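Just so it is clear: chains get the letters A, B, ... in the order the sequence lines come, proteins before strands, and each one is counted from 1. Quick caveat, the model's predicted, so the values are computed rather than measured.
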Amino acid sequence: MSEQDERATYDIESTQAKWRKIWDESDPFTAHDDSAREKRYALTMFPYPSGDLHMGHAEVFALHDVVARYWWQRGYEVLNPMGFDSFGLPAENAAIKNDEHPATYTYGNIETSIQSCRNYALSFDWSRTFNTSDPEYYRWTQWLFLKFMERGLAYRKNSPVNWCPNDQTVLANEQVVDGHCERCGAEVTKRELTQWYFRITEYAEELLSDLDVLAPTWPDRVITAQRNWIGRSEGAHVDFAVDGRDEPMTVYTTRPDTIFGTTFMVVAVDSPLADELVTDAQRPAFEAYREETRKETEIERLSTDRPKTGVDLGVTATNPVTGDRIPVWATDYVLADYGTGAVMGVPGGDQRDWEFATEMGLTIIRTTQPPADFEGEAFHGEGPAINSPAPGVDSPLDINGLSVAEAKRATIAFLEEQGSGKGAINYRLRDWLLSRQRYWGAPIPVVHCPEHGEVPVPEDQLPVRLPELRGADLKPKGVSPLAAATDWVQTTCPTCGGPATRDTDTMDTFVDSSWYMFRYCSPDDETQAFDTDLVNQWMPCDIYIGGVEHAVLHLLYARFFTKVLADMGLVDFREPFSAQLNQGFVINRGKKMSKSLGNGVRLGDQLAEFGVDAVRLTLVFAGPPEDDIDWADMSPNGSLRFLQRAWRLSGDVTSAPGTDPAGGDVALRRATHRALHDAAELVELHRFNVMVAKIMELVNATRKAIDSDPGPGDPAVREAAEAVAIMLSLVAPYTAEEMWERLGHQPSVARAGWPAVDEALLVEESVTAVVQVQGKVKARLEVAPDVSDADLEAAALADPAVQRALDGKAVRKVIVRAPKLVNIVAG
RNA sequence: GCCGGGUUGGCGGAAUGGCAGACGCGGUGGUCUCAAACACCACUGUCCGAGAGGGCGUGUGGGUUCGAAUCCCACACCCGGCACCA
């Protein structure tokens, strides 16, 4: 090999320009609905168009593209679409700042992003692209809202809601993180507002139980996060009679076995029940307390170590098993929107109740026997029931001595028989608050008529288009900016034709993204949201790649939508994503990249310096896809060096295209087929970093073969170089095309097909058997792969190094695992 | 507090009951060069040894096994989810 060849490289700029042009003209990745090939749907979470692509996009798209390109090479018809989640606040804020329309910002960014994706050599089918802010798309978002309304799954209610004072809009529970707005970080407060909700709780049980089905192919952390979020608990509803009220008050408890320890009742201060129960005498104190608690921020309310507070409502309830008359209190430590908003106070068994009872001077009774060494206050562990009933107390129920589980069962059975309670299941999950007081979103397609109330906009009048507002009109004012568009708001009632007003809220952008994967199957359909047959043909998605930050938000909502669509008969599956993969973050020097830290790495700079292929390769090779990548630990230059090494192989091959590899060097042929076999398996397992290592090994083996014995003319060298080009096409499309061309082939290597693996070449000619003495390696033997146990044992015992290690000691036992290992136990 | 995941060279990571450290980064030495950079070649867990070779080694401590990074028990630490949800 000449010195010239050793240093030869290709020019990154011109090579990228050359192939981009060829790909743009040939469209090798258009998905055909009517293809006879087996179908695969590769989906990656579509981005919000916040500007140009950044390192995070570069990573997820590189990983995703490996899978999509692999499927094409394996002969599948692949649906690999991309679009933009283009409604949302940043566009609105940019519009206010620049006095323009949000669409200007949005659609400008989208165009930039598409060009960047094309340059980044992503195998997306751009013929199917759309944006959630397109009226042709949000028309169907609105249609789906109406369908949910028809089914009673979209409804309006007045309730205390999470309010972000910075964004001036309400937030879903899922968007409040540790009392702060998930988007802007402002402290969230509560407001009493009438808002639209989706009844996702109706599907709580199925959303939870189907996680078992998804668990094998979804990341553990997503499954766990969703399980925790749904938060199923088993317990009982128990009715307590209240003096002077016909209806009893019902509580939810997970510990019905502790009912004998109930010494008071606690009601959420902000619940309607508290307001109803309070006596006239206690009302002033109650209202003062309620006013006080309303001023608390979410942060204050969540701090668990502050003293318990409350007000006696002045009424008395009756314990159904003891007949004891106990006081009813209002407090802020009980949540209005969980369970029934009321709890039985069992200070002996619940630490919060213990603290409350201590604070208020209420009675404490233990109903579970703690262990002798127990030093805490309330005891909620395992132990026999005591004081249930207490000595001298007369009760029709006696659970003394029973274990917690037995006592629960016995208590529920008794309550059910008595008609004062029953077993119940509760969920932490709340209904999904979907209305937002912002402009740049899908308008809620409802008209408010003084006569007919909430009237759905007739389907043939969809879409309800956004009125043209810009600049200062969009400033947050605490009510939706749409309210300012008077002409738009004033309309007529679809039912009676009388004057009416439009709903001025827009939908949470998570509504837009809950069904976009369906739309890709028939993106241009003007008559329906999606074509059921096409959706059933392509979906569920065979893989869905995206950030773990959506573990409970988007992924839960999309699952919910799919189940509703299945119940509507529009799709014949109940889960949208068969497999899921979360990529990690790209960080720099151990910290998340951010402007304030000044540690940002600009994707554009990296691409300019090392080229698209080297950046993609670096991101894929860095480690397991779900781990974070510290860019400071990475070497895009090393990636570039490797790509050039691989590329040089194609220039050294001297045999003609189409040469039969059959007579080629067997050792290199084995390496080639082993690499093809392993790489395929590793892609299926999403172990892309190891797959890259296998390609590197083959490049090293091919280099050696060219430089030494078989030489550059050996047919096995061509076979190996072509295999490298094909495998590399998953990660480094430009280099792979360039190699393929230099090897004398027509484009595109991306659709060349994965070479068939010759099983015969996967069997090694000889393998290394390890000989251990007392479990320590003492010798290595080259043996035939089908060597018999007896032959291997004899060879091992005859080995001089083994004899030396045995040092004359008697052989007690020999374990033989032909052809890999012999372990000799001596002693 | 409850639930889930993790801890392997100087670094990113391989190896899921059978050769620990594949592959790469970094480092050291060399070749090329007037020189440097680039590129290429060799070595590179650690300790002892001139070498041959040997000892030690996968967070800690125990266990199972002929054999454990891998399985089991306990503990420590790190990351993530939930948390006044009764």
Return the minimal non-hydrogen interatomic distance between [X] and [Y], and the atom names on each side.
X        : Y        : result
A:Ala818 : A:Asp789 : CB-OD1, 3.0 Å
A:Thr735 : A:Leu643 : CG2-O, 3.8 Å
A:Thr254 : A:Ser233 : CG2-OG, 3.8 Å

What nucleic acid atoms does [X] come within less than 4.0 Å of, heavy atoms only: base, sugar-phosphate, or nothing?
X        : result
A:Val777 : sugar-phosphate
A:Pro219 : nothing
A:Val770 : base
A:Arg687 : sugar-phosphate
A:Gln772 : base
A:Asp630 : nothing

In whole angstroms, how far is the [atom2] atom of [N] from the [atom1] atom of [X]?
X        : N      : atom1 : atom2 : answer
A:Asp799 : B:rC19 : CG    : C1'   : 15 Å
A:Tyr427 : B:rA86 : OH    : P     : 13 Å
A:Asn173 : B:rC82 : CG    : P     : 11 Å
A:Lys591 : B:rC79 : NZ    : P     : 13 Å
A:Glu355 : B:rG1  : CD    : P     : 15 Å
A:Lys778 : B:rA52 : NZ    : P     : 16 Å
A:Asp627 : B:rA14 : CG    : P     : 7 Å
A:Leu429 : B:rA83 : CG    : C1'   : 16 Å

Tabulate protein N/O versus nucleotide N/O from nucleotides 22-26 of chain B, keeping only pairs under 3.5 Å, one per line.
residue	atom	partner	partner atom	Å
B:rA22	O2'	A:Glu697	OE2	2.6
B:rG24	OP1	A:Asn700	ND2	3.2
B:rC25	OP1	A:Arg641	NH2	2.7
B:rG26	OP2	A:Arg641	NH2	3.3

Quiz item: Toward the 5' end of RNA chain B, which comes first, A:Pro624 or A:Ile824, by nearest nucleotide?
Solution: A:Pro624

Quiz item: Taking for each residue the nucleotide of RNA chain B with the nearest heavy atom, is it A:Thr768 or A:Asn823 whose nucleotide lies nearer the 5' end?
Solution: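 It is A:Thr768 whose nearest nucleotide is closer to the 5' end.
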
Quiz prompt | Ion pair A:Glu681/A:Arg687, N-O distance below 4.0 Å | solution = no

Quiz item: Picking from B:rC66, B:rG5, B:rA39, which would you name as closest to the side chain of A:Arg648?
Solution: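 Looking only at side-chain atoms, A:Arg648 lies closest to B:rA39.
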
Practice problem: Name the closest nucleotide to the A:Val334 side chain, picking from B:rG18, B:rA86, B:rC84. | Solution: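 Shortest atom-to-atom distance from the side chain points to B:rA86.
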
[atom1] atom, [N] versus [M]: distance in rounded Å?
N      : M      : atom1 : answer
B:rC71 : B:rG5  : P     : 12 Å
B:rG62 : B:rC56 : P     : 16 Å
B:rU33 : B:rU46 : P     : 34 Å
B:rG21 : B:rG45 : P     : 9 Å
B:rC19 : B:rA68 : P     : 11 Å
B:rU60 : B:rC25 : C1'   : 30 Å
B:rU8  : B:rA22 : P     : 16 Å
B:rG17 : B:rG26 : P     : 34 Å

[N] phosphate, OP1 or OP2: any side-chain N/O from [X] under 4.0 angstrom?
X        : N      : value
A:Arg221 : B:rC79 : no
A:Tyr338 : B:rA86 : yes
A:Lys776 : B:rC56 : yes
A:Thr224 : B:rG5  : no
A:Lys820 : B:rG18 : no

Practice problem: State whether the distance check finds a donor on one side and an acceptor on the other, under 3.5 Å, for side chain A:Asn228 versus base B:rG81. | Solution: yes

Quiz prompt | Donor-acceptor pair, side chain of A:Asp353 and main chain of A:Gly345, under 3.5 angstrom | solution = no

Quiz prompt | By salt bridge (charged side-chain N to carboxylate O under 4.0 Å, His left out) - contacts of A:Asp337 (at least two apart) | solution = A:Arg430

Quiz item: How are the rings of A:His554 and A:His550 set to each other: parallel, tilted or perpendicular (split at 30° and 60°)?
Solution: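 If you compare the ring of A:His554 with that of A:His550, the planes turn out perpendicular.
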
Residue pair [X] / [Y], side-chain donor-acceptor N/O under 3.5 Å:
X        : Y        : answer
A:Trp218 : A:Gln226 : no
A:Thr367 : A:Ser388 : no
A:Thr201 : A:Asp431 : yes
A:Glu174 : A:Tyr557 : yes

Self-check item: Syn or anti conformation of B:rG12, syn meaning chi within 90° of 0
Solution: anti

Quiz item: If you draw the axis of the six-membered ring of A:Phe356, does the NZ or CZ of A:Lys308 fall within 45° of it and under 6.0 Å from the ring centre?
Solution: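 No, cation not above the ring by the 6.0 Å, 45° rule.
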
Self-check item: Secondary-structure stems for RNA chain B, with pairs counted as Watson-Crick or G-U when both distances are under 3.5 Å and runs at least 3 long
Solution: B:1-7 with B:76-82, B:10-12 with B:23-25, B:26-31 with B:39-44, B:45-48 with B:53-56, B:59-63 with B:71-75

